[in-house]
Amino acid sequence: MQHHDSSVPSVPDSLVVALEALARRAGSAILEVKRVGIQAEAKSDGSPVTDADLAANAIILEGLSTLLPGIPLITEEGDDGLRVLANPDDDFLLIDPLDGTREFVSGDPDYTVNIAYLRGRRPVVGIVHMPETGLSWVGDSRSAPHMAWQIDQTDDWQMIQTRGAGDALAVLASRSHQDPATEAFLKTVPVSELVRRGSSLKFCLIAAGQGDLYPRFGPTMEWDTAAGDGVLTAAGGAMLDLNGQAFLYGKIQEECRNCGFMAMGDPRLAATIF
């Protein structure tokens, strides 16, 4: 577990500040679409896409072309499913302009804007913004010490970190994707409370010390998890695959589909799970 010296002010660098502001701008565009009226249609895989997804995507792509020109970028709303990455070990970006579209369309507040910067197949910067509350969560693991923040609407950056796990665990699970494997797993661990939330918020709540474990057996895509993983890891947590190994991104052969994972606030939990 990392513990930060709170007497030393830890300020985010200019890139991290600019990326958070970009996610916030995308969030404002999403709220504007919601105010005017959401138009939703089904993508080829049956999942919903709205004009809010597309508006947020356009803002993020334009901003990133200025902030990080020349860095390969994969977005959920790009290329009709064609994911191109010459070398997944090189730096690249993973974007989900509106994670939790089902929640968004249904009027649930649990949707987010996700921007992740990857290096060595792991997210080293993660930005998650929640338009409905104006909160953002940011993680930066590019250099030591790793740092994570929660930012409110007044642009107040407060450092966050994960908590040590106790005898019983506060478990976060998906609200809209419940599967038998997760239900079976939950019978094998001491659960003090089970909280169902949508989108990448689950990672952020654990990063801020408000939960212990997020097990996921059902399908997700890399852009669903990279930003939240980046926040959680920078805050002192760990994201492991179901074999207990480091969770890697850039799986182009699998069209960026994720395997199952365990996201935990206290990395020591891995010894009891695997």
Side-chain angles (χ1 to χ4, degrees), residues 22-64 73-84 93-116 126-137 172-182 195-205 214 216-229 249 251-252 254-261 263:
L22 181 59
R24 198 170 280 276
R25 283 214 306 280
S28 296
I30 290 169
L31 291 174
E32 179 60 20
V33 168
K34 183 182 176 188
R35 190 183 67 77
V36 174
I38 302 166
Q39 305 293 317
E41 54 190 67
K43 292 195 286 194
S44 57
D45 64 0
S47 62
V49 63
T50 71
D51 37 359
D53 296 74
L54 302 177
N57 195 56
I59 287 169
I60 293 168
L61 295 193
E62 182 186 18
L64 290 175
L73 185 148
I74 295 174
T75 170
E76 177 174 17
E77 304 311 334
D79 298 330
D80 297 324
L82 184 66
R83 316 290 173 202
V84 179
L93 296 150
L94 277 166
I95 313 302
D96 192 343
L98 204 172
D99 180 31
T101 301
R102 283 187 176 83
E103 282 83 357
F104 175 65
V105 170
S106 70
D108 188 307
D110 278 10
Y111 61 88
T112 55
V113 176
N114 294 347
I115 302 174
I127 314 282
V128 175
H129 176 64
M130 186 181 184
E132 292 284 339
T133 61
L135 291 176
S136 296
W137 296 266
L172 287 121
S174 173
R175 182 176 285 176
S176 52
H177 303 277
Q178 297 175 31
D179 62 281
T182 303
V195 179
R196 296 195 183 274
R197 296 296 297 266
S199 74
S200 55
L201 285 169
K202 296 179 280 293
F203 295 99
C204 301
L205 293 170
Y214 167 27
R216 186 67 180 247
F217 296 88
T220 55
M221 303 298 282
E222 293 190 3
W223 48 80
D224 294 325
T225 62
D229 178 354
Y249 295 84
K251 301 181 291 292
I252 300 302
E254 290 88 51
E255 297 183 341
C256 297
R257 286 188 193 88
N258 281 335
C259 54
F261 59 80

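Within 6.0 Å of the CD atom in E254, the count of heavy atoms belonging to other residues, nucleotides or ligands exceeds 12.
Heavy atoms only, all atoms of each residue included: I59 and L22 are closest at O-CD1, 3.6 Å. When all heavy atoms of A227 and A116 are compared, the pair lying nearest together is N-CB, 3.6 Å. For the pair P97 and V113, the tightest heavy-atom approach, listed with the atom from each and the gap, is O-CG2, 3.5 Å. Across T50 and D53, no two heavy atoms sit closer than the pair OG1-OD1, 2.6 Å.
Note that CD of E76 is 11.0 Å distant from CG of L94, once rounded to the nearest 0.5 Å. Here the straight-line distance linking atom CG of L54 with atom CD of E41 works out to 7.5 Å at 0.5 Å rounding. A distance of 8.5 Å separates CG of D229 from CZ of F261, quoted to the nearest 0.5 Å. Rounded to the nearest 0.5 angstrom, E77 CD and I60 CD1 are separated by 10.0 Å. Atom-to-atom distance recorded for D96:CG and I74:CD1 is 12.5 Å, nearest 0.5 angstrom.
K251 is linked by a side-chain hydrogen bond (donor to acceptor under 3.5 Å, both in side chains) to E222, N258, counting only residues two or more places apart in sequence or in another chain. Checked against side-chain hydrogen bond (donor to acceptor under 3.5 Å, both in side chains), R24 has the following partners two or more places apart in sequence or in another chain: E20, S136. In this view, L135 and T133, W137, Q150, D152 satisfy the side chain to side chain contact (heavy atoms under 4.5 Å, CB included) rule, not counting sequence neighbours. E132 meets the side chain to side chain contact (heavy atoms under 4.5 Å, CB included) test with L31, K34, P109, Y111; sequence neighbours excluded. Under the salt bridge (charged side-chain N to carboxylate O under 4.0 Å, His left out) criterion, D179 pairs with no residue, sequence neighbours left out. Remark: S28 engages no residue in a side chain to side chain contact (heavy atoms under 4.5 Å, CB included) (not counting sequence neighbours). Take R102 and apply the salt bridge (charged side-chain N to carboxylate O under 4.0 Å, His left out) test, not counting sequence neighbours, and it matches no residue. Under the rule for a ring pair (Phe, Tyr, Trp, His ring centres under 6.0 Å), the partners of F217 that lie at least two apart in sequence or sit in another chain are F185. Listed by chain and number, the residues in a side-chain hydrogen bond (donor to acceptor under 3.5 Å, both in side chains) with T112 are N114, S200 (sequence neighbours excluded). In terms of the side chain to side chain contact (heavy atoms under 4.5 Å, CB included) criterion, A58 has no residue partners (sequence neighbours excluded). Residues passing the side-chain hydrogen bond (donor to acceptor under 3.5 Å, both in side chains) test with D224, sequence neighbours excluded: none. Under the rule for a salt bridge (charged side-chain N to carboxylate O under 4.0 Å, His left out), the partners of E32 that lie at least two apart in sequence or sit in another chain are R35.
Paired with L172 under the rule side-chain contact (heavy atoms from CB on, under 4.5 Å), one option of R216, R196, R197 passes, and it is R197.
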*Going through the distances and angles, do T225 and Y249 end up as a side chain to side chain contact (heavy atoms under 4.5 Å, CB included)?*
CA-CA 10 Å; T225 62; Y249 295 84; 3.0 Å; yes

_Full working for side chain to side chain contact (heavy atoms under 4.5 Å, CB included) between I95 and W223_ = CA-CA 6 Å; I95 313 302; W223 48 80; 5.9 Å; no

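Here the side chain of T101 pairs no donor or acceptor atom with the backbone of V49 at under 3.5 angstrom.
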